[in-house]
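Everything below concerns the one structure shown next.
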Amino acid sequence: MHCDPNGVLYLGEANADLNTDLYNCTFPALIQDWRRSFHEGSLGQTDLTFPFGFVQLSTWQKNKPNDNFPEIRWHQTADYGYAPNPKMPNTFMAVAMDLVDEQSPYGCIHPRDKQTVAYRLYLGARAVAYGDRRVTFQGPFPVSIDIYYAYSYMNITYNQELLITYPCDNIFEVFCSAGADMYGEQDYFWVSAAVELVSSKVVTVSFKGCSHISAVRYAWSDWPCDYKQCPIYSVHRRLPAPLFIKYFK
């Protein structure tokens, strides 16, 4: 945890390489602890569940091969993919994975575009802290996934209308098995899944060559897109769809 030269507090960056798997527990616990400290320090004048806004981790290395940064982003939401959620009530989040800044003098992890970060936090504050239900403050998020093995595709239905800006064939991935080995065991590996079709709220993703899939994920990389060029945004206010991962039974 530290502050960049612009005074923005960053959380989670160090945990990309330390206790990564615990962050879905430690980050919600930190929020609860800070709320309790403010409540006690103000002699009860600050509510124990006061609104808490945060910025999801931005980018670091453009060609980083491991999953640490997307895992931390996922854990920042207690593995829900969005905020607020049942483990993190009265919170709101600004997605920043599309605000990459490769030339930032402060390092890529500190993008200089604070205006967009502030705007996305402002929307969350209006909706969560001030209860303005008219405000859209979250990007599109899947509400259902239907798999059609006979045709090797899936339909991912989102909770709002989609704005597709820069189509990309490798932003979706599936955990794919090409078939059983000689012992009858399925070997799974992550492969890119091309977007075949997009409608108002549905993205159709192909998984040709996979006899079975056990998961799908979106934007699961340190640097998923260039500046404001991720594929999926909301039609209203152009908010980026956050990363997600979904395992199937």
Are Tyr188 and Ser177 close enough that some pair of their side-chain heavy atoms sits under 4.5 Å apart? yes

Report yes if some heavy atom in the side chain of Thr77 is under 4.5 Å from a heavy atom in the side chain of Met93; otherwise report no. yes

Looking only at heavy atoms, what is the nearest atom pair of Ser214 and His212, with distance? N-ND1, 4.2 Å

Kindly say whether the aromatic ring centers of Tyr149 and Phe207 come within a distance under 6.0 Å. yes

For Pro231 and Tyr218, work out which heavy atoms get closest and say how close. CD-OH, 3.5 Å

State whether cysteine residues Cys168 and Cys225 meet the disulfide criterion of an SG-SG distance below 2.5 Å. no

Once rounded to the nearest 0.5 Å, what's the spacing between atom CG of Leu99 and atom CG of Asp226? 12.0 Å

Gap separating the CD atom of Gln115 from the CZ atom of Arg120, nearest 0.5 angstrom: 12.0 Å

Determine whether Phe27 and Phe54 satisfy the following criterion, side-chain contact (heavy atoms from CB on, under 4.5 Å), listing intermediate values before the conclusion. CA-CA 11 Å; Phe27 185 52; Phe54 64 96; 3.9 Å; yes

Is there side-chain contact between Arg73 and Met97, with heavy atoms separated by less than 4.5 Å? yes

OG on Ser221 to CD1 on Ile171, rounded to 0.5 Å: 6.0 Å

Side-chain heavy atoms nearer than 4.5 Å, only ILVMFWY residues, links allowed to pass through others: does that put Leu163 and Val202 together? no

Do Pro142 and Phe244 touch side chain to side chain, with heavy atoms closer than 4.5 Å? yes

Report whether Val235 and Ile232 are members of the same hydrophobic cluster (ILVMFWY, side-chain heavy atoms less than 4.5 Å apart, transitive linking). no

Do you know which two heavy atoms are closest between Tyr227 and Asp113, and how far apart they sit? OH-OD2, 2.5 Å

Is there a continuous path of hydrophobic side-chain contacts, each under 4.5 Å between heavy atoms, that joins Leu48 to Phe50? no

Between Glu161 and Lys201, is there a side-chain N and carboxylate O pair less than 4.0 Å apart? no

Does any part of the side chain of Ile145, heavy atoms only, come nearer than 4.5 Å to the side chain of Phe248, both counted from C-beta? yes

Intermediate values then yes/no, salt bridge (Lys or Arg N to Asp or Glu O under 4.0 Å), Lys228 and Asp98: CA-CA 5 Å; Lys228 290 188 177 180; Asp98 67 328; over 6 Å; no

May I ask you to decide if Gln61's main-chain N or O and Asp222's side chain share a donor-acceptor pair within less than 3.5 Å? yes

Stepwise side-chain contact (heavy atoms from CB on, under 4.5 Å) test for Glu71 and Asp21: CA-CA 8 Å; Glu71 285 179 1; Asp21 293 339; 4.2 Å; yes

Hey, what's the ring geometry for Tyr80 with Tyr82, parallel, tilted or perpendicular (30° and 60° as the breaks)? perpendicular

Would you say Thr46's side chain and Ser42's backbone share a donor-acceptor pair under 3.5 angstrom? no

Between Val191 and Cys210, is there a side-chain heavy-atom distance shorter than 4.5 Å? yes

Taking atom types as modelled, find out whether Thr49 and Asn90 have a side-chain donor-acceptor pair closer than 3.5 angstrom. no

Quick check for you: to the nearest 0.5 Å, what is the distance between Lys87 atom NZ and Asn85 atom CG? 8.5 Å

When rounded to the nearest 0.5 Å, the distance separating CG of Asn24 from CG of Asp79 is 4.5 Å

What is the minimum heavy-atom distance between Val128 and Pro84, and which atoms define it? CG2-CD, 4.3 Å

Determine whether Tyr148 and Val143 fall in the same hydrophobic cluster, where Ile, Leu, Val, Met, Phe, Trp and Tyr are linked whenever their side-chain heavy atoms lie under 4.5 Å apart. no

pair Thr20-Ile72: side-chain heavy atoms closer than 4.5 Å: yes

Over all atoms of both residues, closest heavy-atom pair of Leu162 and Pro140: CD2-CB, 3.5 Å

Is there a donor in the side chain of Asn155 and an acceptor in the side chain of Asp146, or the other way round, less than 3.5 Å apart? no

Within one Ile-Leu-Val-Met-Phe-Trp-Tyr cluster: Leu197 and Tyr151, side-chain cutoff 4.5 Å: no

Between Tyr23 and Gln76, is the side-chain contact (heavy atoms from CB on, under 4.5 Å) condition met? List the steps. CA-CA 7 Å; Tyr23 205 75; Gln76 283 180 301; 3.6 Å; yes

Apply side-chain contact (heavy atoms from CB on, under 4.5 Å) to Glu196 and Val205, showing your working. CA-CA 6 Å; Glu196 297 288 345; Val205 176; over 6 Å; no

Quick check: do Val216 and Ile245 have side-chain heavy atoms less than 4.5 Å from each other? no

On a heavy-atom basis, the closest approach of Leu239 and Phe137 is CD1-C, 3.5 Å

Can you tell me how far the CZ atom of Arg35 sits from the OG1 atom of Thr91, to the nearest 0.5 Å? 6.5 Å

